[in-house]
Amino acid sequence: NTLFHASSPGRTENSEDVWQGTYVPYLRSVESEGEETSKDYITSVMLKTGDMAEKLREAYPEKKIGEISAESIEILGLTIGRRVKMIKIGNIVIKGTEFRKLFGLRSACFTVEQVEDDLIRITTTGHGHGVGMSQWGADSLAKKGGTFEEILQHYYTGVDIISIRDFEKQN
């Protein structure tokens with residue numbers, strides 16, 4: 001499964017950090033250079049605290065949602081790829097990928113800050129789930145002279161690239 005994404009914050013993700021428990025030996029986190037040249041590499045969205053609370057109540061009706069502010073939002077840990085692994089909002093603890101999906105963020109690599117009493121800014125870096133090949137990182141490697149084999153073997157660790165004839169001979 002040759003997964004790919006638009007851009008990362010300089011490092012890709014391990015498959016199990018995005019899809020819990022799904023370890024794939026060739027989908028390991030690797031450095032990825034040249035990402036900062038991608039369009040909208042860093043973006044921000046502004047969310048009203050009331051709208052955030054309403055979305056959280058809809059998604060987690062069994063949980064009690066208190067007042068939302070940047071102080072009530074705590075990033076509990078980051079993945080090796082520098083994305084939010086777990087986040088606590090009031091008394092709710094969810095994966096960073098769930099928070100990304102819930103609020104329509106470009107990436108799970110984000111920061112949260114209060115800009116007004118009822119307004120929070122979420123700033124994301126990169127675009128996509130972060131697993132496998134980064135399109136902008138691959139472009140950067142190609143512009144530096146990397147061959148397609150080198151690029152594929154960089155992003156899909158431990159793989160061998162062989163011709164279809166050789167593959168058919170093996171099977």
Side-chain angles (χ1 to χ4, degrees), residues 1-36 38-115 119-139 154-158:
N1 193 356
T2 52
L3 297 172
F4 62 93
H5 57 280
S7 64
S8 73
R11 186 166 194 91
T12 65
E13 284 289 6
N14 288 326
S15 57
E16 67 274 13
D17 285 335
V18 176
W19 299 289
Q20 193 169 357
T22 309
Y23 172 86
V24 180
Y26 59 89
L27 296 175
R28 311 316 312 144
S29 178
V30 297
E31 290 291 326
S32 188
E33 296 178 3
E35 305 285 354
E36 64 283 348
S38 68
K39 184 178 184 322
D40 297 325
Y41 178 65
I42 297 174
T43 60
S44 293
V45 296
M46 303 289 247
L47 298 170
K48 291 187 178 227
T49 56
D51 294 342
M52 289 181 74
E54 186 176 325
K55 266 196 188 209
L56 288 163
R57 281 187 202 98
E58 288 173 10
Y60 305 99
E62 72 285 358
K63 300 284 186 179
K64 183 179 179 188
I65 309 295
E67 289 292 315
I68 301 291
S69 69
E71 286 184 8
S72 71
I73 300 172
E74 181 183 359
I75 293 173
L76 299 177
L78 300 177
T79 63
I80 192 168
R82 302 181 191 120
R83 290 162 183 84
V84 174
K85 188 168 193 162
M86 299 297 291
I87 186 168
K88 183 177 181 183
I89 309 129
N91 64 350
I92 299 173
V93 176
I94 59 174
K95 290 177 59 177
T97 53
E98 291 176 46
F99 187 84
R100 173 190 178 218
K101 184 178 178 182
L102 187 63
F103 294 104
L105 305 176
R106 291 173 56 91
S107 168
C109 179
F110 59 84
T111 58
V112 178
E113 67 178 306
Q114 195 85 36
V115 291
L119 202 58
I120 289 179
R121 176 185 299 133
I122 301 175
T123 302
T124 61
T125 304
H127 189 189
H129 50 66
V131 179
M133 184 173 64
S134 163
Q135 292 171 306
W136 281 90
D139 181 67
H154 175 75
Y155 285 104
Y156 305 109
T157 57

Between [X] and [Y], what is the shortest heavy-atom contact and its length?
X      : Y      : answer
Asn91  : Lys88  : CA-CE, 4.4 Å
Gly126 : Ser107 : O-CB, 3.6 Å
Leu27  : Gly132 : CD2-CA, 3.9 Å
Gly81  : Arg83  : O-NH1, 3.0 Å

Side-chain donor/acceptor of [X] to backbone N/O of [Y], under 3.5 Å:
X      : Y      : answer
Tyr156 : Leu3   : yes
Arg106 : Thr43  : no
Ser7   : His127 : yes
Tyr155 : Val30  : no
Ser8   : Gly130 : no
His154 : Ala138 : no

So how far is it from [X] [atom1] to [Y] [atom2], rounded to the nearest 0.5 Å?
X      : Y     : atom1 : atom2 : value
Thr125 : Arg82 : OG1   : CZ    : 10.5 Å
Asn14  : Ile80 : CG    : CD1   : 5.5 Å
Glu35  : Ile42 : CD    : CD1   : 12.0 Å
Ile92  : Leu56 : CD1   : CG    : 5.0 Å
Glu13  : Thr79 : CD    : OG1   : 3.0 Å
Ile89  : Glu74 : CD1   : CD    : 11.0 Å

Just checking [X]: does its [atom1] atom have more than 12 heavy atoms from other residues, nucleotides or ligands closer to it than 6.0 angstrom?
X     : atom1 : answer
Tyr60 : OH    : yes
Glu33 : CD    : no
Glu71 : CD    : no

### Test item: His5 and Ser134 side chains (from C-beta on) under 4.5 Å apart, heavy atoms
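Contact flag for His5/Ser134 side chains = yes.
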
### Check: Glu113 and Ile120 side chains under 4.5 Å, non-hydrogen atoms
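When only atoms from C-beta onward are counted, Glu113 and Ile120 do not touch, as no gap falls below 4.5 Å.
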
### Message
Working note: Phe103 + Leu47, criterion side chain to side chain contact (heavy atoms under 4.5 Å, CB included); need CA distance, chi angles, decisive distance, verdict.
### Response
CA-CA 9 Å; Phe103 294 104; Leu47 298 170; 3.8 Å; yes

### Query
So, Lys95 and Glu16, do they make that salt bridge, N to O below 4.0 Å?
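Glu16 and Lys95: not salt-bridged.
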
### Query
Please walk me through it: do Phe110 and Phe99 pass side chain to side chain contact (heavy atoms under 4.5 Å, CB included)?
CA-CA 10 Å; Phe110 59 84; Phe99 187 84; 3.3 Å; yes

### Message
If the test is side-chain contact (heavy atoms from CB on, under 4.5 Å), which one of Thr157, Val131, Thr12 qualifies with Arg28?
### Response
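Exactly one option meets the side-chain contact (heavy atoms from CB on, under 4.5 Å) with Arg28, and it is Thr157.
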
### Task
Could you give me the CA-CA distance, side-chain angles and deciding distance for His129 and Trp19, then say whether ring-ring contact (aromatic ring centres under 6.0 Å, His included) is met?
CA-CA 10 Å; His129 50 66; Trp19 299 289; 5.1 Å; yes

### Message
Could you go through Met133 and Thr2, starting from their C-alpha distance and side-chain angles, then the distance that decides it, and tell me whether this counts as side chain to side chain contact (heavy atoms under 4.5 Å, CB included)?
### Response
CA-CA 8 Å; Met133 184 173 64; Thr2 52; over 6 Å; no

### CA sep, side-chain torsions, deciding dist, call: Lys85, Asp17, side chain to side chain contact (heavy atoms under 4.5 Å, CB included)
CA-CA 7 Å; Lys85 188 168 193 162; Asp17 285 335; 3.4 Å; yes

